[in-house]
Amino acid sequence: MFKRFIIFFIPCFILLSLFFNYIYKTDFAAFYKVLLSKEILTLKNVQALRLNDILKNVMSDVLFLSEQHELRELLDDKKEFSLQDLEEDYISFIHKRGLYDQLRFIDLEGQEVVRVNYNEGNAAKTLKKDLQNKSSRYYFTETIKLNKNEIFISPLDLNKEHGEIERPLKPMIRFAMPVFNSEGEKKGIIILNFLASVLINEFKSFNDFPERKQLLVNSDGYFLVGLSSDDEWGFMFKEKNEKTFKSLYPKSWETIQEEDSGQFHIEEGIFTFTTVRPLLFLEKSFSELNKTLPIKVKSLNNQEYYWKAIHFIPKSFLDEKAGVLIKKFASFYIFFLFIFGFITWYLAKLYINREEAHHALESLNAKLEEEVNKRTAELQVINKTLEKKVDEKANKLLMQEQILFQKSKLAAMGEMIGAIAHQWRQPLNCLGLSIQNLEYSYEYGELTKESIAKMVKESMEMIEHMSSTIDDFRNFFKPSKEKVPFVPDQIIEETIKLSRAQLNAHFIELIYQKETEVEDTITGYPNELKQVLLNLISNASEAIIANEQNKQKESSHKGSIKITNSIENENIIIEVEDSGGGIDEKNINKVFEPYFSTKEATQGTGIGLYMSKTIIEQHMLGQLTVRNGKDGAIFRITLRIMNDRNID
């Protein structure tokens, strides 16, 4: 028995393993695709644009300050406006905006005229004695030579005071612009020291999950936002001069430098990157607003000015996600492996019992034959050869029919397993999501008695649905030992229920029209009628899929199967019509012959229609015929209605 069990179990084990492996790979591929799309969307369409928008607001402030009425009047030497008025305006502006470290007006000689500092929420002017000459600083020399509507933007670096880097670190970008009086004479520059920590914090804030590493590097590959704070601002400190993105990922840096944006997978994880060009963005944005006098944006020595915004998803996160999916499916896999093991053990036991019964019957026949031979020796001598040939022929025909029926039943089992796979896929995914949501609810402290009750209720509903599918499968293969009266409409609807999910997966529409009533019953074997209908629906589905005309249809359905249930002359007529193109006229009279198939040798056995005709005509005393319709084949089943005159 164990050998027979292994023969039955190994194919089931292989199919189940392939099925769950396919589901796992499909789910992980879907997760991976969504992850990549989300990274591109977050980085390119959210973070990069947000950084540019922040800088755009700063530039708007600079342009406003350069045209400020109080400043213009002061530059024109209007006596009703004093330096004190300008200082008060600058203090109010700095205090309300809260984005700037300093706001200064510097004259043509580089001497600070007005300087307002912002410190810990307070804005204050600098006393005259503390004002400094900045004529040697790069931002003054670069800005003072600019023309009207030209603006200088410094690189993003750390602020220095008296030649030393200010502590705590204070990232800074300086926006400077020459200012002119009403006569168009250049009178000096205004300069805004933008607190770039606002920009950096905004960049860091777009992080959906902690596993993602967010990096911002300058054009030389130095970290502005690094894997850790120790890696940042390497170009400002001699001891950290070697801490660059290139030193960590040299090959990846080559790819990131060559392209404006992109995404690639290396052994360590996934990189998503885009290029932020603030000067180009600002110049284009403000020039479109004022096309008659476009804004020109300059940088230090007019060098190319850009940053690389980078997301890094480490391999450990992907491995963890893969492990979660494997754990999710492992329990289901073990459960179904046990179920299939039980079924195959039961089938093996039935097979062995049948073999033993067959051998016992042969032994009994041998004893009876021996007894008859003793009593009819002369007759046995005469008929010995004939009886042997008749017995061999009868046994051969019986065994052939039993083998054909078993093959037909196994083919139907294959169809049913496919149907169950399609019907169970959605509940399995839903159960997985419910379990995952339970874990997340626990981690985030959202787990309540009501949420648990809700999850349990939803999970039990899905399990009951799956249990109902098992009951349908079990009832389908329950042998019908005696003829019983039944309503064909119920059998048709149960068969449709078993087949619909698989047909939907192939985008095949199934239409059912009935004209019979509950009183219209027939007598026979209901499960065998189910097997016939399932075989006809399966053949119709395969014909539709194979039909080249249906493959080229640009619609939501590849084809359709229509089942009608009507009455003619005290007979119930069941017709199964498909849009699969029909049967070649030279083969239409052969389709019910054993081992004849219009499919390829690896796809069809040629016994389905033969057994269907045997069941209908020999077991149920009906008729099964076929003809070609307008769009495909029409199989017609004729069964007598049970009444007082024709009860079997």
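Worth saying up front: this structure is predicted, and the values here are computed from it rather than measured.
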| query | Backbone N or O of Tyr610 within a donor-acceptor pair of the Thr614 side chain at under 3.5 Å? | reply | yes
| Where do Val626 and Phe592 land on the side-chain contact (heavy atoms from CB on, under 4.5 Å) test, with the steps shown first? | CA-CA 9 Å; Val626 64; Phe592 295 112; 3.8 Å; yes
| task | Check the pair Gln513, Ile563 against side-chain contact (heavy atoms from CB on, under 4.5 Å), reporting the backbone distance first and the verdict last. | result | CA-CA 6 Å; Gln513 295 180 353; Ile563 301 176; over 6 Å; no
| task | Would you give the length of the straight line joining atom NZ of Lys590 to atom CG of Asp584, rounded to the nearest 0.5 angstrom? | result | 9.5 Å
| field | Reported CD1-to-CG distance for the pair Ile522 and Leu621, which is rounded to 0.5 angstrom | value | 11.0 Å
| request: Heavy atoms only: give me the nearest Leu534-Thr495 pair and the separation to one decimal. | output: N-CG2, 3.8 Å
| field | Closest non-hydrogen atom pair, Pro526 against Val484 | value | CD-CG2, 3.7 Å
| message | Strictly distance-based, threshold 3.5 Å: is any side-chain N or O of Thr26 a donor or acceptor partner for the main-chain N or O of Tyr22? | response | yes
| To the nearest 0.5 Å, how far apart are CG in Leu609 and CG in Leu624? | 7.5 Å
| When you look at Ile561 and Glu509, which way does the side-chain contact (heavy atoms from CB on, under 4.5 Å) test go after all the steps? | CA-CA 6 Å; Ile561 300 173; Glu509 183 181 17; over 6 Å; no
| said: Can you give me the closest heavy-atom contact between Phe486 and Thr523, atom names plus distance? | reply: CE2-C, 4.3 Å
| field | Residue Lys613 excluded, over 12 heavy atoms near NZ under 6.0 Å | value | yes
| query | Salt bridge between Glu494 and Lys530, side-chain N to carboxylate O under 4.0 Å? | reply | yes
| If we only count heavy atoms from C-beta on, is the Ile574 to Ile572 side-chain gap below 4.5 Å? | yes
| note | dist Ile637:CD1 -> Glu575:CD (nearest 0.5 Å) comes out at 10.0 Å
| field | Lys367 with Glu362: basic N within carboxylate O range, under 4.0 Å | value | no
| Closest approach of Ala633 and Asn628, non-hydrogen atoms and distance? | CA-OD1, 4.0 Å
| task | Report the residues that fulfil side-chain contact (heavy atoms from CB on, under 4.5 Å) with Ser316, sequence neighbours left out, ordered by chain and then residue number. | result | Pro314
| Is the shortest heavy-atom distance from the side chain of Glu617 to the side chain of Gln623 under 4.5 Å? | yes
| What are the two closest heavy atoms between Met620 and Tyr525, and how far apart are they? | CE-N, 3.7 Å
| message | Is any side-chain heavy atom of Glu585 closer than 4.5 Å to one of Asn587? | response | no
| query | Roughly how far apart are Asn571 CG and Leu639 CG, rounded to 0.5 Å? | reply | 8.0 Å
| query | What's the shortest heavy-atom distance between Gly629 and Ile634, and which atoms? | reply | CA-CD1, 3.8 Å
| query | Run the side-chain contact (heavy atoms from CB on, under 4.5 Å) check on Ile492 and Leu529 step by step: do they pass? | reply | CA-CA 9 Å; Ile492 295 171; Leu529 180 57; 6.0 Å; no
| query | Is there a donor-acceptor contact under 3.5 Å from the side chain of Ser579 to the main chain of Ser560? | reply | yes
| query | Taking only residues two or more places apart in sequence, or in another chain, which ones meet Asp489 in a side-chain contact (heavy atoms from CB on, under 4.5 Å)? | reply | Val487, Glu493, Tyr512, Lys514, Thr516, Asn565
| query | Side chains of Leu533 and Glu528: closer than 4.5 Å at any heavy-atom pair? | reply | no
| Residues Arg636, Glu568; criterion salt bridge (Lys or Arg N to Asp or Glu O under 4.0 Å); working and verdict | CA-CA 12 Å; Arg636 179 185 178 97; Glu568 286 183 17; 2.8 Å; yes
| request: Measure the spacing between CG of Asn569 and CD1 of Ile641 and express it to the nearest 0.5 Å. | output: 9.5 Å
